[in-house]
Student: 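My questions will all concern the structure given below.
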Protein chains: 2
Amino acid sequence: MANIGQRNRLQYIILGLLNQRPQTGYDLAKAFENEIGEFWQAQHSQIYPLLRRMEDAGEITHEDTVAGEKLAKKQYTLTPSGHDKLVDWVSEPSPELTPSKDEFILKLYFIKTDKDPRIQPMLREQLRLHQTQLNHLEGRLKTVFPTDAAKQQAYGHYLILDHAIERERDYVAWLSRYLTD
Amino acid sequence: MANIGQRNRLQYIILGLLNQRPQTGYDLAKAFENEIGEFWQAQHSQIYPLLRRMEDAGEITHEDTVAGEKLAKKQYTLTPSGHDKLVDWVSEPSPELTPSKDEFILKLYFIKTDKDPRIQPMLREQLRLHQTQLNHLEGRLKTVFPTDAAKQQAYGHYLILDHAIERERDYVAWLSRYLTD
DNA sequence: CTTAAACATGTAATTAATTACATGTTACAA
DNA sequence: TTGTAACATGTAATTAATTACATGTTTAAG
């Protein structure tokens, strides 16, 4: 029984990535360090067993290839059933509002008065972090989507990068508002 | 050995909540449905065993009380050691930028062109969700912090509610920008 | 030629978190 | 008085996710 949990969203990300092009588990793991790392994270130790289960479930298949002399690779591809599953998932509503689980925010919750001397250093630290992240994302936008044509070809990717930038910009603005420098 | 994992942030939330006032496990579970539900979630099945471990670790203690005729309650309180641990946690830097794990955003990533007919309904659905959440949070701000004095007494709580409202407002603004109504 | 980084694939152990199972009390409304 | 929602506390089973263990190949720089 290759039954995969209902709320396991990693499987859909893998379906989506394989729909873009056939890839190895290693390639998928790298994608989580790069382009989708801002939105989801997964280690190879979670990816390889899941690929196995998804193949058992008939959603993907692999082809064995060899690089160089004898380095074994598995190129995974979507099956029609896997493609259907991806389309269904994207089309279905997403009614969950996930809590953000931001540790800094949690800490703030336990500070009682605006006179607490820890507030300002905390705000400054977070401002630095989010400013750095904002700069990073703005750089990414410029390199990944230098032209309007590039935006057209991966419109969803462009949208979520734009969203992430906006989110960081607003976070920075909010932090700045409470900084008394 | 009551050794609790390094990254388990729930324990700190419990320390923080008990620092506000002594509470039962049931009270804590309710807090995750109400005031901190926007930022963290935990079920009673996770809370009760953790309270036990934290008591074994000497961070909290409990007093048995009885409500009515024979309904047993455990009122938990911080020990000095637990209080120290809470203060240390709040004071220590929070250098992690947690990815948001927003399912809608994930789905967008796999949409290729701006002509895809699924985009507009998806944006509309999310707009409705975040608008509802925004209204809810704005209501909460008015009832929980009706006066400036109220804000002073739980300043951190006020800050994070303000932050959450701001976040929803910006999310709604971003969604609206891409809606072609 | 040697070595280090990147490529490539897996398993094992542990922790975090959710869902389901399980039981009993109290307050309040119909 | 009868039923139901809220109060109250726990355990069991399962899944998701991280960290550590484990092994071997290829490429490119020094």
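By convention in this document, chain letters (A, B, ...) are assigned in the order of the sequence lines, proteins followed by strands, and residues within each chain are numbered from 1.
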Student: Just grab all the salt bridge (charged side-chain N to carboxylate O under 4.0 Å, His left out) pairs involving residues 33-43 of chain A, residues at least two apart or on different chains.
Tutor: E38(A)-R140(A)

Student: Taking the side chain as everything from C-beta on, heavy atoms only, tell me whether D84(A) gets closer than 4.5 Å to T79(A).
Tutor: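 D84(A) vs T79(A): side chains apart.
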
Student: Counting side-chain heavy atoms from CB outward, which of dT19(C), dA8(C), dT11(D) is closest to Y26(A)?
Tutor: dA8(C)

Student: Just how far, in rounded Å, is P of dA8(D) from CD of Q43(B)?
Tutor: 18 Å

Student: Can you check whether Y155(B) reaches D116(A) side chain to side chain, under 4.5 Å on heavy atoms?
Tutor: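 Side-chain contact under 4.5 Å: no.
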
Student: Considering just the side-chain nitrogens and oxygens of K30(B), establish if one lies under 4.0 Å of OP1 or OP2 belonging to dA8(D).
Tutor: no

Student: Check whether any side-chain N or O of R7(B) sits under 4.0 Å from OP1 or OP2 of dT19(D), and answer yes or no.
Tutor: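 For dT19(D), OP1/OP2 do have a side-chain N/O of R7(B) under 4.0 Å.
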
Student: Test side-chain hydrogen bond (donor to acceptor under 3.5 Å, both in side chains) on H62(A) and E55(A) and set out the steps.
Tutor: CA-CA 8 Å; H62(A) 82 268; E55(A) 188 163 37; 2.8 Å; yes

Student: Set out, line by line, the N/O atom pairs under 3.5 Å between protein and nucleotides 26-30 of chain C.
Tutor:
from    : atom 1 : to     : atom 2 : distance (Å)
dT26(C) : OP1    : A67(B) : O      : 3.2
dT26(C) : OP1    : E69(B) : N      : 2.7
dT26(C) : OP1    : K70(B) : N      : 2.4
dT26(C) : OP1    : L71(B) : N      : 3.2

Student: Would one find a side-chain N or O of Y48(A) under 4.0 angstrom from OP1 or OP2 of dT9(C)?
Tutor: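 Yes, such a contact exists.
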
Student: Can you pull every protein N or O that's under 3.5 Å from an N or O on nucleotides 20-22 of chain C?
Tutor:
none

Student: If each of P49(A) and A72(A) is mapped to the nucleotide of DNA chain C with the nearest heavy atom, which maps nearer the 5' terminus, i.e. the 5' end?
Tutor: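 Its nearest nucleotide being more 5', the pick is A72(A).
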
Student: Taking C-beta and beyond as the side chain, do T113(B) and Q152(A) meet within less than 4.5 Å on heavy atoms?
Tutor: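 Of all side-chain heavy-atom pairs linking Q152(A) with T113(B), none is under 4.5 Å.
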
Student: Expressed as a whole number of angstroms, how long is the span from E63(A):CD to dT9(C):P?
Tutor: 13 Å

Student: May I ask you to decide if the ring planes of W174(A) and Y171(A) are parallel, tilted or perpendicular, using 30° and 60° as cut-offs?
Tutor: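 Answer is perpendicular, since the angle exceeds 60°.
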
Student: Starting from P on dT18(D), measure out to CG on N8(A) and report it in whole angstrom.
Tutor: 12 Å

